[in-house]
Undergrad: 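Attaching a single structure in structure tokens format; questions to follow.
Lettering of chains follows the sequences in order, A, B, ..., and the numbering in each one begins at 1. Worth saying up front: this structure is predicted, and the values here are computed from it rather than measured.
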Protein chains: 2
Amino acid sequence: MNLKQLSHMLSLSQTTVSRALNGYPEVSEETRRRVMDAAKRHGYRPNPSARRLATGKSGMIGYVLPTGNAVDIDPHFVEFLSGLGDYARAHELDLVLSPADADDEETTYRRIVANRQVDAVYVSSPRPADRRLALVNTLGIPFIVHGRSEGFDFDYPYLDIDNEGAFHEAARLLLQLGHKRLALINGNERETFAIHRERGMRRALAANGLTLGERHIRSVAMTEENGYRAARRLLEENEPPTAIVCSSLIMALGVVRAVRDLGLTIPGDLSLVAHDDVFPWLRPENFPVPLSTTRSSIRLAGARVAERLAARISGLEEGARGEVWPVDLVVRGSVAGAPS
Amino acid sequence: MNLKQLSHMLSLSQTTVSRALNGYPEVSEETRRRVMDAAKRHGYRPNPSARRLATGKSGMIGYVLPTGNAVDIDPHFVEFLSGLGDYARAHELDLVLSPADADDEETTYRRIVANRQVDAVYVSSPRPADRRLALVNTLGIPFIVHGRSEGFDFDYPYLDIDNEGAFHEAARLLLQLGHKRLALINGNERETFAIHRERGMRRALAANGLTLGERHIRSVAMTEENGYRAARRLLEENEPPTAIVCSSLIMALGVVRAVRDLGLTIPGDLSLVAHDDVFPWLRPENFPVPLSTTRSSIRLAGARVAERLAARISGLEEGARGEVWPVDLVVRGSVAGAPS
DNA sequence: CAAATCAGCCAAAGCGCTTTGGAAGCCTCT
DNA sequence: AGAGGCTTCCAAAGCGCTTTGGCTGATTTG
């Protein structure tokens, strides 16, 4: 059932039917009703390919997926996706994943924009002065950044959580408990979120006249193994930290294992706080010692990004609005006063 | 730069240029070379929307993503996706995720097929007599199932691992070590993979004149918490199992925690084997006691599914070919002889 | 009362590609 | 020399939508 057939049944022109369906004003209310009715009854659905060719709009949002042998998509992605899907489902938006060589995403961005394959894109895990942002900004496709970049002379729309504030609060709590030697096990130091977290922690320390020594900060990919290694290195030093803040629950698993291996205890010998993106399959309250966390649901962020993308596509949202979500600090058993 | 302009520059018809580019025989080699050359030089890329409208082919593969508030996409998905991306990138295939209400995926399947949005789809986590299979089979779109279903009167193309064989081997090993009371912590019992695993284990037990009691099998969603709860229930019984086989590494985390909480040890009091889908962020060799596993890379499966989908789209693969991958049994420190 | 306005509809021209149904030119064969 | 067969190209008809530029008849305006 296509437009031609439908308009023929109604003894109307394709023009009128099309306009009736798309809510244009130059069609009488009665006619519109007739058309809408017939369309529903016959299950008419405009062919998206044809519509796309005519309008250039695809009804899909895009994401350039970095891939490669050495590239692992991390599990945060799937939670974000869940949220995105929650919103997209309700609005019949589809998501297009365009796999790209992790070393050359630019070509792929250019392709999907030139081909008008998607109406908008989102960019995630940005770095300072991330070239992808500059690119999508000049390409002129609606976009939203999940996270933030820095060092640009233009503004851009984003959704981020207050990573600096979160880690500032976490560190402040530990300091109040009397800890003097804090350490940070961070994510990839080239990503902005990691920079912000470090900054928040340094700020808290500075306020107490302390600093974060070079040796007390580790930046690694967020795996259990890396968490373990980082923790061992830290804890086997001369003056080991009495508190660790850690950028992910998965790394925290490794930290807990290291602590055990060394015959230490949490929170007796070490206080631990980790960031929790709220995975359904791994919860901080179920750690051997319930884990204190800075918590922010990445899934909710996904839904919000989808919502804003939809708004930008339809012109409801404009400009470079940035949105920063506060982060909860949830205190559980893994923190205690500094050992004397 | 579109076809019209290009053909104009070359003083050729659009027909000829199109045919030259698409490798049709009715064009002289010299002309083809000229055309190819000019196309490359001017960076001509056919507009996919137009091509799609004309041919009905989209160059994309589809996946219907079940969503909903109570629905969690599990982290296996992202690993599978990585593999799929690895292949798709090299072949300029895009992936379309169509979020659907988890209770009604059918509507979405019908939509993407009717709209010709994708050239092929894959279906994952099938259940016995899964309606999605019957649907895509009758809808006539090329597809591949990741996993298997059962109870149909038709065959279908799939890629699966030998879940039954894997768990049979795992159980056999434990039996050889003298264990008599085995337990299974399985995934959702309604999915075929879980059924196969249970079957494999029962077969090994039966060969030794043993059975898997109702109380010694748990089927739950694969989270750390569920692993913990299942293990506690099992281990707090009168005659607790001396060995557990577990369907995922994430649940195994919970099992390990339960064992610790109860003051037991691995492998002294309990031998443990788990299935490992090969996550980069959580490795069995890094468990407190290195974990024995049945191992199969879900990422490689993703790449293979993409490859076969591409083959089916281009007509290179036909029929209902099923492919079953063997699973490695990797023995590490978490298994030992049964306690006396 | 003629002119101007307006609501409501339509025919046709795109969008950029593929594919059908020739046609021209050149050989070969009888 | 004419018929038949290749090779190589082309014009034009789609694919199914949106949108431009009218056209008609009824209503308002000066």
Undergrad: Mind checking whether B:Tyr122 and B:Tyr63 have parallel, tilted or perpendicular rings, split at 30° and 60°?
TA: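 Judged by the thresholds at 30° and 60°, the geometry between B:Tyr122 and B:Tyr63 is parallel.
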Undergrad: Would you say B:Tyr24 and B:Ser18 are linked by a side-chain donor-acceptor pair, where the criterion is simply a distance under 3.5 Å?
TA: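 No, B:Tyr24 and B:Ser18 have no side-chain donor paired with an acceptor closer than 3.5 Å.
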Undergrad: Kindly point out which of C:dC17, D:dG16, D:dT19 is positioned nearest to the side chain of B:Asn2?
TA: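 Closest of the options to the side chain of B:Asn2: C:dC17.
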Undergrad: Just the rounded figure in Å: distance from P of D:dT19 to CG of A:Leu21.
TA: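 It is 13 Å, rounded to the nearest whole Å.
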Undergrad: When every nucleotide of nucleotides 8-14 of chain C is labelled 5' to 3' by its protein contacts under 4.0 Å (heavy atoms), B for base, S for sugar-phosphate only, - for none, what sequence of letters results?
TA: SBBBB-B
Undergrad: Donor-acceptor pair, distance only, cut-off 3.5 Å: does the side chain of A:Thr67 make one with the backbone of A:Ala100?
TA: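 Side chain of A:Thr67 to backbone of A:Ala100: a pair is present.
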Undergrad: Would a 4.5 Å heavy-atom cut-off, applied to side chains only, mark A:Arg321 and A:Glu317 as touching?
TA: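 Side chain of A:Arg321 against side chain of A:Glu317, heavy atoms only: contact under 4.5 Å found.
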Undergrad: Answer yes or no: is there a side-chain heavy-atom contact under 4.5 Å between B:Tyr158 and B:Glu323?
TA: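 Of all side-chain heavy-atom pairs linking B:Glu323 with B:Tyr158, none is under 4.5 Å.
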Undergrad: Looking only at side-chain N and O atoms, does B:Tyr24 come under 4.0 Å of OP1 or OP2 in C:dT18?
TA: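 For C:dT18, OP1/OP2 do not have a side-chain N/O of B:Tyr24 under 4.0 Å.
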Undergrad: Answer yes if the ring centres of A:Tyr87 and A:His91 are under 6.0 angstrom apart, and no otherwise.
TA: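 Under 6.0 Å, so yes.
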Undergrad: Give the rounded distance in Å between these two atoms: CZ of A:Arg116 and C1' of C:dC17.
TA: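 In whole Å, C:dC17 C1' lies 16 Å from A:Arg116 CZ.
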Undergrad: Calculate the interatomic distance between B:Arg52 atom CZ and D:dG16 atom C1'; express it in whole Å.
TA: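 Nearest whole value for this atom pair: 13 Å.
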Undergrad: Tell me whether the side-chain N/O atoms of A:Asn22 come closer than 4.0 Å to OP1 or OP2 in D:dT18.
TA: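 For D:dT18, OP1/OP2 do have a side-chain N/O of A:Asn22 under 4.0 Å.
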Undergrad: Any side-chain N or O of B:Tyr44 less than 4.0 Å from the OP1 or OP2 oxygen of C:dC17?
TA: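 Answer is yes, contact under 4.0 Å.
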Undergrad: Look at A:Ser18 and D:dT18 and indicate whether a side-chain polar atom (N or O) is within less than 4.0 Å of OP1 or OP2.
TA: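 It does, given that an N or O in the side chain of A:Ser18 lies less than 4.0 Å from OP1 or OP2 of D:dT18.
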